[in-house]
Amino acid sequence: MGGWSRSAVLQLYRALLRAGQHLQYTDRDYYRRAVTREFRRCQTLNAPAEREDALKRGQFFLNSRLGGLV
């Protein structure tokens with residue numbers, strides 16, 4: 001996973017799902033499915049650089065208050 005441990009990836013996944021509980025302007029079920037779908041898609045990435053970029057995108061999305069959705 002590049003520099004990311006399995007527990008760090010799961011922690012990011014859970015944090016994104018937890019943050020989605022506070023959504024006001026979009027469907028919570030859709031958000032949950034989208035996060036799950038994206039993490040499953042990233043499981044198939046083979047290049048460490050691609051995985052690192054995907055995880056950084058997830059961290060940025062979380063830090064930016066879900067891209068302005070919250």
Side-chain angles (χ1 to χ4, degrees):
M1 291 262 166
W4 292 65
S5 67
R6 183 178 192 277
S7 63
V9 173
L10 290 174
Q11 185 178 7
L12 175 62
Y13 177 71
R14 287 186 203 114
L16 284 168
L17 291 179
R18 257 186 268 116
Q21 293 175 350
H22 306 292
L23 290 175
Q24 298 173 1
Y25 303 115
T26 192
D27 183 22
R28 288 183 187 109
D29 292 331
Y30 171 79
Y31 172 80
R32 183 182 188 102
R33 286 190 312 268
V35 168
T36 302
R37 183 176 51 243
E38 185 65 17
F39 268 81
R40 289 196 189 280
R41 184 188 68 79
C42 291
Q43 280 180 332
T44 63
L45 297 177
N46 293 324
E50 290 177 350
R51 284 185 168 208
E52 186 72 25
D53 289 342
L55 292 169
K56 284 182 180 178
R57 258 193 333 269
Q59 189 66 44
F60 175 78
F61 191 67
L62 181 63
N63 292 338
S64 67
R65 299 191 42 83
L66 304 182
L69 294 175
V70 176

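None of these values were measured; they are calculated from a predicted model.
Atom CD of Gln43 sits about 8.0 Å away from atom CZ of Arg51, to the nearest 0.5 Å. Interatomic distance, Cys42 SG to Arg37 CZ, rounded to the nearest 0.5 Å: 11.5 Å. Between Arg18 atom CZ and Leu62 atom CG the span is 9.0 Å, to the nearest 0.5 Å. Taking CH2 of Trp4 as the reference point, atom NZ of Lys56 lies at 8.5 Å (rounded to 0.5 Å). A distance of 11.0 Å separates CD of Gln11 from CG of Leu16, quoted to the nearest 0.5 Å.
With hydrogens and angles ignored, the 3.5 Å screen pairs a side-chain donor or acceptor of Arg28 with a backbone N or O of Leu23.
Closest approach of Leu45 to Ala54, counting heavy atoms only: CD1-CB, 4.2 Å. Summarising the geometry of Val35 relative to Leu17, their closest heavy-atom pair is CG1-CD2, 4.0 Å, with the distance given to 0.1 Å.
Around CZ of Arg41, the count of heavy atoms belonging to other residues, nucleotides or ligands within 6.0 Å exceeds 12.
Below 30°, between 30° and 60°, or above 60°: for Phe39 and Tyr13 the angle between ring planes is above 60°, a perpendicular geometry.
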Just do the side chain to side chain contact (heavy atoms under 4.5 Å, CB included) check on Phe61 and Glu38 with the steps written out, would you?
CA-CA 12 Å; Phe61 191 67; Glu38 185 65 17; over 6 Å; no

